[in-house]
Amino acid sequence: MSQALEIQFEAIYARAPTASATVPGRVNLIGEHIDYHGGTVLPITLDKTVTVVVAPNDAPSHRIRSEGYEDESVRVVNEPASGDWSDGVMGALAKAGELGWIRGGFDVLVSGNIPGGAGVSSSAALITAVLRAARAHGKAEMDQKTLALKAREVENDYIGVPCGIMDQMAVGLAGAGEALALDTVSLETEVITIPDGWRFVTVHSGVSRKLTDGRYEARFIECKDAATALEAEYLCRAELGDIAALPDPLKARARHVITEHQRTLAAIEALKRGNAEAFGGLMIESHASYAGDFAASTPEIDALTKDAVALGALGSRLTGGGFGGCTVSLVMADKVDGWLEALLARHPKAWLV
Ligand code: GLA
């Protein structure tokens, strides 16, 4: 249990927490918006984490706080999502109640350094951490894959974001310094060690967004419509030759999804071969497709990825759900310091995650 947070919990709630959990954020190296259409994706964990400590409070409400903030969200057990930051905690507690792991109200203290609204899975990490803490509290057993599916249900059904399974699997299963090649249909995973000398650097553009703002869902619906029109069970696996008859923008969205899946499979092979140039080239193509065909980038992010490459990165792209947030760039270890300094000098609003 995180001792410092446990002490704070006791200071606030006048008793010890019964359980805790710490979960990392993730950055997706390549394979965007394909995890809800049968694709294979390639996330790694970040060294940023969220920790939650919990205890039952014998009340009909949950009391939820974030370390360092005076404000407390007091919310009736099982009340619906409200758009508040505490929704992830509420949804996860409701799920834990459904599973029989907890009963009644809980006090929850949250602490972490994963930036929110940045495309690095702060939400999946928070939900997963609360579920794990509740599982520990209830002395229950559930494997990580099943828990990831439960965490996704919280996002889909409680928060209302129709996301795929990538984030919950990545934050729940990937180890430090390892990439997780995840088949989002079979949920089979392959762990791939990042070769010596490669660095994936995550830079925040300075522009945040919320996945609940409707733009993620709009793309989800377009892809679903494209799949229906093509009679494809999984859009990723449709034939590129078949999309010509689709109307725009469905044609462009489908082209992104199909080609992004092909790029991701090629990138996994490049990573295994240790071919950084090939991997970086695929990242550059991926960004062009995400910004063009999928129309999910921003001018700041386009400029950031372009300059990242001009200054020596082998590849750079928008990562996560899109419309703002972070870029991820592949840079050789011996170049990182100078590269980063030059990039941040050109982009004063950007910062290293
Ligand atoms: C968000 C979603 C994921 C995935 C990415 C885009 O992170 O939660 O399921 O769709 O966007 O690749």
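The basis for the numbers below is simple: all heavy atoms, side chains too, and nothing from hydrogens, waters or symmetry mates.
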Does atom NZ of K145 have more than 12 heavy-atom neighbours from other groups under 6.0 Å away? yes
E10 (side chain) donor-acceptor with I7 (main chain) under 3.5 angstrom: no
Check: Q168 and L149 side chains under 4.5 Å, non-hydrogen atoms: no
Test item: D35 side-chain N/O and M166 main-chain N/O as donor-acceptor pair under 3.5 Å: yes
Under the criterion side-chain contact (heavy atoms from CB on, under 4.5 Å), I'd like the reasoning laid out for H256 against Y290: C-alpha separation, chi angles, the key distance, then a yes or no. CA-CA 7 Å; H256 167 76; Y290 203 17; 4.0 Å; yes
Is a side-chain donor or acceptor of N113 paired with a backbone partner of T49 at a separation under 3.5 angstrom? yes
Closer than 3.5 angstrom, by distance alone: can the side chain of R346 be matched with the main-chain N or O of L304 as a donor-acceptor pair? no
Is there a side-chain contact between S20 and E6 in this structure, where contact means two heavy atoms from C-beta onward sitting under 4.5 Å apart? no
Before you tell me yes or no, could you show the steps for R63 and S73 under side chain to side chain donor-acceptor pair (under 3.5 Å), namely the whole-Å CA-CA distance, both residues' side-chain angles and the distance that decides it to 0.1 Å? CA-CA 6 Å; R63 297 188 292 190; S73 294; over 6 Å; no
Salt bridge check: are R103 and D58 linked by an N-O gap of less than 4.0 Å? no
On a heavy-atom basis, the closest approach of H287 and I301 is CE1-CG2, 3.8 Å
V52 and V89: side-chain contact (heavy atoms from CB on, under 4.5 Å), yes or no, with the steps? CA-CA 9 Å; V52 301; V89 178; 5.8 Å; no
Evaluate the criterion side chain to side chain donor-acceptor pair (under 3.5 Å) for residue pair T228 and D225; output intermediate values, then yes/no. CA-CA 5 Å; T228 306; D225 289 348; 5.1 Å; no
Check A136 against A19 and note the closest heavy-atom contact, atom names and distance. CB-CB, 4.0 Å
Within a strict 4.5 Å, meaning less than it, do heavy atoms of the L314 and M332 side chains meet? yes
Which distance, rounded to the nearest 0.5 Å, do you find between the OG of S316 and the CH2 of W339? 6.0 Å
Can you confirm whether the side chains of R263 and T259 place a donor and an acceptor under 3.5 Å from each other? yes
Any side-chain heavy-atom pair from I268 and I192 closer than 4.5 angstrom? yes
D143, CG atom: more than 12 neighbouring heavy atoms under 6.0 Å: yes
Would a line drawn from the ring center of F200 to the ring center of F279 be shorter than 6.0 Å? yes
One thing to verify: whether E300 and K349 come together as a salt bridge, which I'm taking to mean a side-chain N less than 4.0 angstrom from a carboxylate O. no
Under 3.5 Å: donor-acceptor pair, side chain of R152, backbone of C163: yes
What distance separates E277 CD from N275 CG, expressed to the nearest 0.5 Å? 6.0 Å
Verdict with reasoning, L29 to V328, per side-chain contact (heavy atoms from CB on, under 4.5 Å): CA-CA 7 Å; L29 302 182; V328 59; 4.1 Å; yes
List the steps, then state whether salt bridge (charged side-chain N to carboxylate O under 4.0 Å, His left out) holds for R255 with D248. CA-CA 11 Å; R255 189 163 50 224; D248 268 327; 5.5 Å; no
S286 versus E260, side-chain donor and acceptor atoms under 3.5 Å: yes
Nearest 0.5 Å, what's the CH2-CG distance between W101 and L131? 5.5 Å
Any salt bridge linking E155 with K150? Criterion: basic side-chain nitrogen under 4.0 Å from a carboxylate oxygen. no
Between the side chain of S289 and the main-chain N/O of E285, is any donor-acceptor distance below 3.5 Å? no
Cut-off 3.5 Å, side chains only: do N28 and T319 have a donor facing an acceptor? no
Looking at I34 and T40, what are the two nearest heavy atoms and their distance? CD1-O, 3.3 Å
Give a yes-or-no answer on whether the side chains of T45 and R26 include a donor-acceptor pair shorter than 3.5 Å. no
Looking at K306, I want to see if its NZ is surrounded by more than 12 non-hydrogen atoms of other residues, nucleotides or ligands under 6.0 Å. no
Any idea which heavy atoms bring L235 and C223 closest together, and the distance? CD2-O, 3.5 Å
Check the pair R199 / S329 against side chain to side chain donor-acceptor pair (under 3.5 Å), numbers first and verdict last. CA-CA 8 Å; R199 292 287 180 279; S329 304; over 6 Å; no
Looking at side-chain heavy atoms only, is the closest gap between F294 and V257 below 4.5 Å? yes
Answer yes if the side chains of R317 and T327 hold a donor-acceptor pair under 3.5 Å, and no otherwise. no
Side-chain (S205) to main-chain (G325) donor-acceptor, under 3.5 angstrom: yes
Closest approach of S111 to L5 (non-hydrogen atoms, all atoms of both residues): CB-CD1, 3.5 Å
Would you call R135 and E141 a salt bridge, taking side-chain N to carboxylate O under 4.0 Å as the test? no
Does K95 reach the side chain of I102, with side-chain heavy atoms less than 4.5 Å apart? no
Taking the six-membered ring for Trp and the full ring for Phe, Tyr or His, determine whether the centres of F220 and H33 are under 6.0 Å apart. no
Is the closest side-chain heavy-atom distance between W198 and V331 below 4.5 Å? no
Is it the case that the side chains of S82 and D84 hold a donor-acceptor pair, with the cut-off being a distance below 3.5 Å and no angle test? no
Got a donor-acceptor contact below 3.5 angstrom from the R219 side chain to the G321 backbone? no
Side chains of K48 and P24, heavy atoms from C-beta outward: is any pair under 4.5 Å? no
Steps toward side chain to side chain donor-acceptor pair (under 3.5 Å) verdict (S297, D302): CA-CA 7 Å; S297 189; D302 290 343; 2.7 Å; yes
Rounded to the nearest 0.5 Å, what's the gap from CE on M283 to CG on L42? Could you check? 9.5 Å
Test item: D307 side-chain N/O and A310 main-chain N/O as donor-acceptor pair under 3.5 Å: no
Take atom CZ of R15 as the centre, draw a 6.0 Å sphere, and report whether it contains more than 12 heavy atoms from other residues, nucleotides or ligands. yes
Can you measure from OG (S122) to CH2 (W85) and round to the nearest 0.5 angstrom? 11.0 Å
Compare every heavy atom of I159 with every heavy atom of I127, then report the nearest pair and how far apart it is. CD1-CD1, 3.9 Å
Exceeds 12 heavy-atom contacts within 6.0 angstrom, atom NZ of K224: no
CD1 on I12 to CG on D107, rounded to 0.5 Å: 9.5 Å
Heavy-atom neighbours of E188 CD exceed 12 at 6.0 Å: no
Taking the six-membered ring for Trp, are H204 and W351 parallel (under 30°), tilted (30 to 60°) or perpendicular (over 60°)? parallel
Give the intermediate values and the outcome of side-chain contact (heavy atoms from CB on, under 4.5 Å) for residues V120 and I114. CA-CA 7 Å; V120 288; I114 308 171; 3.9 Å; yes
